[in-house]
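Below is one structure, written out as structure tokens, with a few remarks after it.
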Amino acid sequence: MYELGPGILPNSICVPLTATAKAKELYFYPVLCGHYYCDDKYEVSRMRYDNPLLLFVRSGTMCLRYDGADYRAEKGDVLLIDCDRPHRYAAEGQVEMLYLHFDGCNAHALARALSADSPVLRREENVLIGQRLYDMVQDYRRHGLRSEAEDSMRMYQLLIWLSLPAGRPARSSDPINQTVEYIRQHVGETITLRELADMAHLSACHYSHEFKRQTGFSPMEYVINTRIEKAKMLLLQTTMTVMDIAYEVGYESGGSLSNLFLKKTGCSPREYRRSNGITAG
């Protein structure tokens, strides 16, 4: 495993990306992305940086000084800065975060416009941004860039979510987001479409349509993705066996998890561990 810098803990991921000339001329494009686990030694302090930054806090608190003002970004918050002026951001204690440096046509102006009131953004859509960033980091780590248009579409979707007006209903009052939170909190239990639809007080058909509209996934796809995400975390952060992890995320056998893990990620759980420098389990 390579060292990423002070305060960045083992099992963190950093993925540098090199866009084509066509992407730079015509599209939005990713420059650098990552999934970091940090402690209070993590700090970035720069006079400027070439590419805007989009950061999602999965847990903990980040402090930011930007344009002469101080801010705090907590769990579930999105931090967006143009990076064109002096800035400093740092972890307060243990932090898990996903980040993306991006660029492209009008990217700087759009980043400035979206963060005009505050670089810390709190939107109902943040949960979707966090999930999409996680998927992007994993995909770019394994497969690199896609087509210029597809990569640009990914960037644009994130920025569109951030462009939606503030002051929408609180996350807890939205039935779809209620079930998203339920899935994430009960990932190791049996979860059925009927149960989720009843929780949202919708028919199964209407619920499935609305869930996919808001998240980009069917309800059961989201359940599977959440289980795979938790399995990845347990593979990297514990010495649990694959069988024990399978039980933890809602499967009856290690084989069931291994088959699904291979289908979703292209490698087995043990290969995933070895690729990250871990030999346990």
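Count residues from 1 along the sequence.
Remark: L257 CG to K264 NZ distance equals 13.0 Å, nearest 0.5 Å. Annotation: the span from L158 atom CG to L100 atom CG amounts to 7.0 Å, rounded to 0.5 Å. Here the straight-line distance linking atom CD1 of I183 with atom CD of E195 works out to 9.5 Å at 0.5 Å rounding. Taking CZ of R142 as the reference point, atom OG1 of T265 lies at 5.0 Å (rounded to 0.5 Å). The distance from the CG atom of D135 to the OH atom of Y140 is 11.5 Å, given to the nearest 0.5 Å. Atom CG of L79 is separated from atom SG of C63 by 10.5 Å, given to the nearest 0.5 angstrom.
Legend: residues meeting salt bridge (charged side-chain N to carboxylate O under 4.0 Å, His left out) with D151, ordered by chain and number and at least two apart, are absent. Listed by chain and residue number, Y66, D67, R112 satisfy the side-chain contact (heavy atoms from CB on, under 4.5 Å) test with R85 (two or more places apart in sequence, or in another chain). With sequence neighbours excluded, the residues that form a side-chain contact (heavy atoms from CB on, under 4.5 Å) with L121 are V78, L80, L162. Here E150 pairs with R146 under the salt bridge (charged side-chain N to carboxylate O under 4.0 Å, His left out) rule; sequence neighbours left out. Partners of R184 by salt bridge (charged side-chain N to carboxylate O under 4.0 Å, His left out), not counting sequence neighbours, listed by chain and number: E229. With sequence neighbours excluded, the residues forming a salt bridge (charged side-chain N to carboxylate O under 4.0 Å, His left out) with D77 are R122, listed by chain and number. Shown here are the side chain to side chain donor-acceptor pair (under 3.5 Å) partners of D39, two or more places apart in sequence or in another chain: there are none. A search for side-chain contact (heavy atoms from CB on, under 4.5 Å) contacts involving L262 returns nothing, not counting sequence neighbours.
Counting heavy-atom neighbours within 6.0 Å of Y156 OH, excluding the residue itself, gives a total of 12 or less. Enclosure of atom NZ in K75 is not indicated, since only 12 or fewer non-hydrogen atoms of other residues, nucleotides or ligands lie within 6.0 angstrom. Heavy atoms from other residues, nucleotides or ligands lying under 6.0 Å from NE2 of H209 number 12 at most.
A heavy-atom distance below 4.5 Å is not found between the side chains of S208 and C205. In this structure the side chain of Q131 never reaches within 4.5 angstrom of the side chain of L133, judged on heavy atoms. Side-chain contact check for K232 versus Q138: some heavy-atom pair is nearer than 4.5 Å. Residues T179 and Y207 are in side-chain contact: their nearest non-hydrogen atoms beyond the backbone lie under 4.5 Å apart. In this structure, the side chains of W161 and L159 stay at 4.5 Å or more apart for every pair of heavy atoms. Taking the side chain as every heavy atom from C-beta outward, Y222 and V180 approach each other to under 4.5 Å. Residues Y99 and F56 are not in side-chain contact: their nearest non-hydrogen atoms beyond the backbone lie 4.5 Å or more apart. Using a 4.5 Å heavy-atom threshold, the side chains of M62 and C38 count as separate.
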All N/O donor-acceptor pairs, side-chain side in residues 25-33, below 3.5 Å, sequence neighbours left out:
none

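In this structure, T20 contributes its side chain and A23 its backbone to a donor-acceptor pair below 3.5 Å.
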* Asked: After noting the C-alpha distance and the side-chain angles of V223 and N225, does the key distance pass the side chain to side chain contact (heavy atoms under 4.5 Å, CB included) rule?
  -> CA-CA 6 Å; V223 170; N225 290 342; over 6 Å; no
* Mind running side chain to side chain contact (heavy atoms under 4.5 Å, CB included) on L196 and I191 for me, showing each step along the way? => CA-CA 8 Å; L196 295 172; I191 299 174; 3.8 Å; yes
* Taking it one step at a time, do V95 and S59 satisfy side chain to side chain contact (heavy atoms under 4.5 Å, CB included)? -> CA-CA 5 Å; V95 169; S59 64; 5.9 Å; no
* Is there a side chain to side chain contact (heavy atoms under 4.5 Å, CB included) between V127 and I129 once you walk through the steps? -> CA-CA 5 Å; V127 65; I129 292 170; over 6 Å; no
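M199 and M220 fall within a single hydrophobic cluster, where Ile, Leu, Val, Met, Phe, Trp and Tyr side chains are chained together by heavy-atom contacts under 4.5 Å. Residues I160 and L128 share a hydrophobic cluster, clusters being chains of Ile/Leu/Val/Met/Phe/Trp/Tyr side chains in contact below 4.5 Å. By the rule that hydrophobic residues join a cluster once side-chain heavy atoms approach within less than 4.5 Å of another member, L193 and V187 end up as members of separate clusters.
Members clustered with Y247: M243, by chain and number, using a 4.5 Å side-chain heavy-atom cutoff among hydrophobic residues. Grouped by direct or indirect side-chain proximity (heavy atoms under 4.5 Å, Ile/Leu/Val/Met/Phe/Trp/Tyr only), M47 sits alone.
There is no side-chain donor-acceptor pair under 3.5 Å between R65 and H87.
Considering every non-hydrogen atom in both A111 and S115, the closest pair reads O-OG, 2.7 Å. F102 approaches A107 most closely through the heavy-atom pair CE1-CB, 4.0 Å. Residues I81 and P119 approach most closely at CG2-CB, 3.7 Å, considering heavy atoms. Pairing each heavy atom of R46 with each of C83, the nearest pair is NH2-SG, 4.4 Å. For the residue pair T61 and E74, the shortest heavy atom distance occurs at OG1-CG, 3.8 Å. Heavy-atom minimum distance, L235 versus R273: O-NE, 2.7 Å.
For residues 206-222, the set of pairs meeting the salt bridge (charged side-chain N to carboxylate O under 4.0 Å, His left out) definition, not counting sequence neighbours, comprises E210-R213.
Remark: R154 engages D139 in a salt bridge, criterion side-chain N to carboxylate O under 4.0 Å. Salt bridge absent: R72 and D70 never bring a charged side-chain N and a carboxylate O closer than 4.0 Å.
Y42 and Y89 have tilted rings, their planes meeting at an angle from 30° to 60° on a 0 to 90° scale. Below 30°, between 30° and 60°, or above 60°: for Y272 and F261 the angle between ring planes is above 60°, a perpendicular geometry.
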